[in-house]
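Here the structure comes first, spelled out in structure tokens, and everything after it is commentary.
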Protein chains: 2
Amino acid sequence: MHLQDRWKRIIDELSSERVTSVDELTERLGVSPATIRRDLNELHELGHLLRVRGGAMRSEGKLYSGREEKRSEGLRGQSSFSDSVIANAGAKRAIAKAALDYITPGLSMIIDGGTTTWMMASMMNDDSYNVLTTSVPILQCLLERSRVKVTLPGGELFRDQGIILNPYEDGILQHFAAARMFIGCQALTKNGLMQTDTLLVQSERRLMERASEVVVLADSSKIDAPASLSVCPLSQIDVVITDDGISADAVRWLKAHDIDVRIVKADQAAAA
Amino acid sequence: MHLQDRWKRIIDELSSERVTSVDELTERLGVSPATIRRDLNELHELGHLLRVRGGAMRSEGKLYSGREEKRSEGLRGQSSFSDSVIANAGAKRAIAKAALDYITPGLSMIIDGGTTTWMMASMMNDDSYNVLTTSVPILQCLLERSRVKVTLPGGELFRDQGIILNPYEDGILQHFAAARMFIGCQALTKNGLMQTDTLLVQSERRLMERASEVVVLADSSKIDAPASLSVCPLSQIDVVITDDGISADAVRWLKAHDIDVRIVKADQAAAA
DNA sequence: TAAGATTCGATCAAGAGCAATCACATGAGA
DNA sequence: TCTCATGTGATTGCTCTTGATCGAATCTTA
């Protein structure tokens, strides 16, 4: 039995039972407890279940059961299993960790949607943080996995993008002053930060205005990747956290715009 | 048996019995009294039940049996209420159905938190509805089970109450005009609609201003039940939907305030 | 009001569950 | 065939949960 099969069977198990134990899975799948624990931990990190002592619990929230989040290889939801594999997970996790190191207790921040920012949110514990997000998956993640103080902008919920967007100009957002904004992207090019969805662009441009520092989380596959819509020019970006797959040339043109480029080593522990 | 299972079984127990004792739980779950006490205390803190000497009591009031996290790492409580743990489920379901009959496609409405309104939300299918809610469980429910258009007010997320509350006066809410507001309550008395949580009162009073018609969903156990805080006087209520357990006297004083009282027969299907 | 019986919370020891580490097996590629 | 990478299982301290004990608090009954 291979990794993918086990994962699938574990998720199946949890769709019928609300909770399940390591022992039960050990017996049912015929592998060692150590392997089950490893699997559960990884599935937890990928957001498919909640790890609890002795086993795992279904992630009930499913706040976001809409279509896959387009820009981020399908984030979660009642995801078909193929969605569970996050591309470049090792790099993304390392980047998310580095982003966490970059915040201090009590900080007010904006966290935009995306798989890397989602990983960052899933690792947040300190309840002194103050987070504003428009992303439904991140809202769910923070609710389930932390005691972080969460603020939401008002607005209509767009299921396909998994974001909340305010059609008006007033609202909470105008009262929120964030020290930092963490943002993912579809691509990072000389033209700036790029996305492919117009709604996302609209949302992100607005959020950016409310943060004094913009931190981009982009694994190296995003550098010079194709994407059509510019969110902002490089000049508006303060920090880029990426992995060591980035080219020296790219580092050069980023630094030419006074961007603090932080390079982390991809985390090996990650699966597929 | 693990923590998650125990907690679920304790809550289930309380859905069929109004009170239960440490001894009974000890026997039924096969764990020590010390463990049961610990569990009861924690569930009490999380608002899932009321701790009393010798055992625990159902807490009718808690609108949000949410997924609070206990301590910094990992233990999660029950998730959103399932039918089986709702007191008076039969009556509530019938009331929720009647409320659904009372809306027409394309309607804009506000749905407040509460178990009855939650049931109502869980039965909504038509995607032409336009719903504003401050309640997180209802948000989850609508996202998961319907394609209804959802609008959220901005604000801070209060985990214990499971609501979003805007500390400012402006925001989406000021732009939202609802034909009807559906609201649950802790109690319905001659003094009006009652709650026990000040935050809820604050939230509901604001929502009410934005709806042209106020519809109260209250099963008969709520009539003249104890609760300390008045949300609004009876004169502001337009419709009350309740079950046939209501007294003739209560119907009289409700009608004296020009309230349209609609009485439904409790749904037998899965009464407590 | 006083005495006896429950129930409670604090404390501690035993055991279950855990992460980290190492070693072995398997399979791919040179 | 050799080597390296990867996935799995076993071992080892460590942490957290559980159950038992005991004095204190509370309820009951006389």
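Each chain gets a letter, A, B and so on, in the order its sequence line appears, and its residues count up from 1.
- Closest contact between the side chain of B:Val31 and the listed nucleotides D:dG19, C:dG17, D:dT18 involves D:dG19.
- Taking atom CG on B:Asp5 and atom P on D:dT17, their separation rounds to 15 Å, with Å as the unit.
- Without hydrogens or angle criteria, A:Thr116 side chain to A:Lys92 main chain gives no donor-acceptor distance under 3.5 Å.
- If you take CG of A:Leu3 and C1' of D:dT8, they are 11 Å apart, rounded to a whole angstrom.
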### Task
List the steps, then state whether side chain to side chain donor-acceptor pair (under 3.5 Å) holds for A:Glu45 with A:Ser122.
CA-CA 7 Å; A:Glu45 278 201 35; A:Ser122 76; over 6 Å; no
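- B:Gly113 and B:Ile138 make their closest contact through CA-CD1, 3.9 Å (heavy atoms, listed as atom of the first residue, atom of the second, distance).
- No donor-acceptor pair under 3.5 Å is formed between the side chain of B:Gln195 and the backbone N or O of B:Leu229.
- Put simply, B:Thr35 has a side-chain N or O that comes within less than 4.0 Å of OP1 or OP2 on D:dG19.
- Put simply, CG on B:Asn41 is 9 Å from C1' on C:dC8, counting in whole angstrom units.
- When the C1' atom of D:dG19 is taken as reference, atom CG of B:Leu40 falls 16 Å away, rounded to whole Å.
- Following rounding to the nearest Å, A:Asp39 (CG) and D:dG9 (C1') show an atom-to-atom distance of 13 Å.
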### Query
What do the steps show when you test B:Thr189 against B:Asp224 for side chain to side chain donor-acceptor pair (under 3.5 Å), and what is the final call?
CA-CA 5 Å; B:Thr189 74; B:Asp224 267 330; 5.1 Å; no
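- Phosphate proximity of D:dT8 to A:Arg6: present, with a side-chain N or O under 4.0 Å from OP1 or OP2.
- If you check C:dG17, D:dA20, C:dC8 against the side chain of B:Arg37, the one that comes closest is C:dC8.
- Put simply, A:His2 has no side-chain N or O that comes within less than 4.0 Å of OP1 or OP2 on D:dT8.
- Contact between A:Asp219 and A:Ile95 at its shortest, heavy atoms only, is CA-CD1, 3.5 Å.
- When rounded to the nearest whole Å, the span between CD of B:Glu42 and C1' of D:dT18 equals 12 Å.
- Picking from D:dA20, D:dT8, C:dC18 the nucleotide with the shortest atom distance to the side chain of A:Val22 gives C:dC18.
- B:Glu45 places its CD atom 14 Å from the C1' atom of C:dG9, with the value rounded to the nearest Å.
- Side-chain contact, A:Ser128 with A:Asp126: a donor N or O sits under 3.5 Å from an acceptor N or O.
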### Task
Any chance you could list the contact pattern along nucleotides 23-30 of chain D? Use B for base contacts, S for sugar-phosphate-only contacts and - for none, protein heavy atoms under 4.0 Å, 5' to 3'.
---BS---
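- Computed from coordinates, the B:Met1 CE to C:dG15 P distance equals 21 Å when rounded to whole Å.
- Side chain A:Arg38 to base D:dG9: a donor-acceptor pair is found below 3.5 Å.
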